[in-house]
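Here is the structure we will look at, set down as C-alpha cells.
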Amino acid sequence: NTFESVHRRKDGTTFPVEVTVNYLKYGGREFSCSFARDITARKANDEAQRRANLIVENSPAVLFRWRAAEGWPVEVVSRNVTQFGYTAEELLSGTVPYSSLLYHEDLERVVAELEEYVRRGNDHFQQEYRIVTKDGEIRWIDDRTVVERDSAGRVTHYQGIVLDISDRKRIEQQLRFTQFAIDKTIDQAFWMTEDSHLFYVNDAACRALGYTRQELEQMSIPDIDPIITAELFAKLWHNIRQNGSATFESLHRAKNGRIYPVEIRGNYVIFDGKEYNCAFATDITGRKRAEEALRESEQKFRV
C-alpha cells in the first residue's frame, strides 16, 4: 500500500513523505516493511503547478495544444475554454477538433497562413481570426502559436494561447465607420492632443491645406494657423475642456502660402483614457466676402 503522510524531525519541523508499506512473513512472524520518500520538492512543484493552473483558469487566455493532423485534434486545453461554450472533456475526447471551432470563412486563410509560416521555418507567429462558440456566437480571437517539431524537424504539434478580442474588433469597426464618415465630410477635421500635435486629419483638410496626411500628422496647430500660438492654444484647450466645446474664428495657412478665414468648432473628447480635441474647420472665405460687400453696400446707402 502507498500513501502520503508527514514525518516530524527531532527539532520538531515536519516534511511530507510518500510511504510504501509491504507485508512480510519471516521466521513465522509477521512484519511491516515501510519505505518513506521525502517529497518536499515534488510538493513544491505541485503547488507551483496548482497556482499556475489557477492563474490560467481565471484569466481570459485559453491554452491549447493540438496535433499536426487532420482537423487538429486537441490534446491539451485549459478548463477556461468554457467561455466558448465547450468543456475541456468535449475537446479532449476528439469529438470536437480545433479546426471545427474556426469560422468557415476564415478556415482556408488560417490554414494557408499556418502552412506558409511552417514552410518558412517560422515557429512562433500570431494570427487573428473568428471562431464559433457552441451556441453559434461568432468571436474574434488573437492566437499566439508555437510550433513543436521532432528530432527530424517534422511538425508534430501546435501550442496556442488564444485570447478573445471581440470587444477590440467592435471598437475598431466603429472607429472605421467614424473615420469614413469624417473623411467624407466637407468640413476640415483635425484630431489633436493637449500639446496641439495633430495625429489625424481628414481628406478635406488635406485638400484645403495642400499637404499630405503624413505631412500634417507631423505638424502642430501653430504650423497651419498664424493666429493660434502655443499660449493661445493652451487657453482654448482649457476653455473647450471646461465647456465641452467652443466655436471661434481664425485663419489657416495653406502649403502654398494662401491664408484664408475659417470657423472652428472644437470638441472635447476622451478616447481610450486619453484626452483629445476634435475640431472641425469651415472655410468662410465666401461668407467674409459677402459680409464685406454688405458693409460696403450699407455705407453707400448711408451716403
Side-chain angles (χ1 to χ4, degrees), residues 42 45-180 271-273:
R42 192 182 81 188
N45 289 335
D46 289 347
E47 178 61 18
Q49 184 65 43
R50 187 190 68 81
R51 291 178 180 178
N53 289 339
L54 189 62
I55 292 171
V56 170
E57 301 302 339
N58 288 282
S59 77
V62 181
L63 274 60
F64 279 97
R65 183 174 185 261
W66 54 89
R67 290 202 313 274
E70 184 178 357
W72 300 333
V74 178
E75 290 192 349
V76 177
V77 62
S78 54
R79 294 197 170 275
N80 61 347
V81 73
T82 52
Q83 64 185 275
F84 300 136
Y86 294 96
T87 64
E89 290 72 22
E90 284 178 297
L91 290 158
L92 294 172
S93 67
T95 57
V96 184
Y98 187 78
S99 63
S100 68
L101 272 62
L102 272 69
Y103 186 54
H104 66 279
E105 292 184 5
D106 293 350
L107 179 58
E108 184 177 349
R109 171 181 64 83
V110 171
V111 172
E113 289 178 355
L114 183 144
E115 291 176 347
E116 179 62 18
Y117 283 126
V118 171
R119 187 190 65 79
R120 296 200 311 244
N122 188 347
D123 289 349
H124 297 77
F125 53 88
Q126 179 263 346
Q127 292 176 288
E128 291 184 3
Y129 52 86
R130 291 166 289 184
I131 64 169
V132 182
T133 65
K134 191 173 182 179
D135 61 5
E137 182 184 359
I138 298 174
R139 304 265 192 94
W140 274 99
I141 64 165
D142 182 320
D143 179 2
R144 307 300 173 99
T145 302
V146 177
V147 179
E148 293 183 31
R149 299 176 185 268
D150 60 18
S151 58
R154 292 184 295 266
V155 177
T156 60
H157 295 82
Y158 301 101
Q159 297 179 30
I161 299 177
V162 172
L163 185 65
D164 189 335
I165 57 171
S166 302
D167 290 340
R168 192 191 82 191
K169 283 293 185 180
R170 277 193 289 271
I171 292 173
E172 289 176 354
Q173 182 71 11
Q174 292 169 357
L175 287 176
R176 280 195 292 270
F177 284 137
T178 302
Q179 181 176 335
F180 177 81
F271 179 72
D272 197 22

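Everything numeric in this text was worked out from a predicted model, so none of it was measured.
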Check your understanding: What is the minimum heavy-atom distance between Leu107 and Ser99, and which atoms define it?
Key -> CD1-O, 4.3 Å

Check your understanding: Within a radius of less than 6.0 Å around CG of Leu163, do more than 12 heavy atoms belonging to other residues, nucleotides or ligands occur?
Key -> yes

Point to revise | Within-4.5 Å side-chain heavy-atom neighbours: Leu114 and Tyr158 | key: yes

Review point. Quick check: does any side chain N or O of Ser78 sit under 3.5 Å from a backbone N or O of Val62, one acting as donor and the other as acceptor?
Key: no

**Study point:** Test log, rule side-chain contact (heavy atoms from CB on, under 4.5 Å), inputs Tyr117 and Thr145
**Key:** CA-CA 10 Å; Tyr117 283 126; Thr145 302; over 6 Å; no

Review point. What's the spacing between Ile131 CD1 and Asp164 CG if we round to 0.5 Å?
Key: 7.0 Å

Point to revise | Non-neighbouring partners of Tyr86 that pass side-chain hydrogen bond (donor to acceptor under 3.5 Å, both in side chains), sequence neighbours left out | key: none

Check your understanding: Is there side-chain contact between Leu102 and Val110, with at least one heavy-atom pair below 4.5 Å?
Key -> yes

Practice item. List the atom of Leu91, the atom of Leu101, and the distance in Å for their closest heavy-atom pair. Key: CD2-CD1, 4.0 Å

Review point. Does the Thr95 side chain pair with the main chain of Glu90, one donor and one acceptor, at a distance under 3.5 Å?
Key: yes

Check your understanding: Between Arg130 and Glu137, is there a salt bridge with N-O shorter than 4.0 Å?
Key -> no

**Study point:** Approximate separation, where rounding is to 0.5 Å, of Arg149 CZ and Arg154 CZ
**Key:** 11.5 Å

Check your understanding: Heavy atoms, side chains only, cut-off 4.5 Å: are Arg67 and Thr156 in contact?
Key -> no

Exercise for review: Kindly compute the distance separating CZ (Arg170) from CG (Asp167), expressed to the nearest 0.5 Å.
Suggested key: 4.5 Å

Check your understanding: Any ion pair linking Arg144 and Asp142 (charged N to carboxylate O, less than 4.0 Å)?
Key -> yes

**Study point:** Spacing of CD1 belonging to Ile161 relative to CG belonging to Leu63, to within rounding of 0.5 Å
**Key:** 5.5 Å

Check your understanding: What's the shortest heavy-atom distance between Val77 and Val81, and which atoms?
Key -> CG2-CB, 3.8 Å

Check your understanding: What do the steps show when you test Glu75 against Gln159 for side-chain contact (heavy atoms from CB on, under 4.5 Å), and what is the final call?
Key -> CA-CA 10 Å; Glu75 290 192 349; Gln159 297 179 30; over 6 Å; no

**Study point:** Sub-4.5 Å side-chain heavy-atom contact between Arg65 and Glu148
**Key:** yes

Check your understanding: CH2/Trp140 to OH/Tyr103 distance, rounded to the nearest 0.5 angstrom?
Key -> 10.0 Å

Review point. What's the spacing between Glu113 CD and Asn122 CG if we round to 0.5 Å?
Key: 12.0 Å

Check your understanding: Using 4.0 Å as the upper bound for N to carboxylate O, is an ion pair formed by Glu128 and Arg168?
Key -> yes

**Study point:** Presence of salt bridge, Arg119 and Glu115, under 4.0 angstrom
**Key:** no

Review point. Taking C-beta and beyond as the side chain, do Val132 and Phe84 meet within less than 4.5 Å on heavy atoms?
Key: no

Exercise for review: Mark yes when over 12 heavy atoms from residues, nucleotides or ligands other than Glu70 sit less than 6.0 Å from its CD; otherwise mark no.
Suggested key: no

Review point. Would a line drawn from the ring center of Tyr98 to the ring center of Phe64 be shorter than 6.0 Å?
Key: yes

Check your understanding: Side-chain contact, heavy-atom cut-off 4.5 Å: Arg109 with Tyr129?
Key -> yes

Exercise for review: Mark yes when over 12 heavy atoms from residues, nucleotides or ligands other than Glu108 sit less than 6.0 Å from its CD; otherwise mark no.
Suggested key: no

Check your understanding: Taking Thr133 for the side chain and Gly85 for the main chain, is one N or O donor matched with an acceptor at less than 3.5 Å?
Key -> no

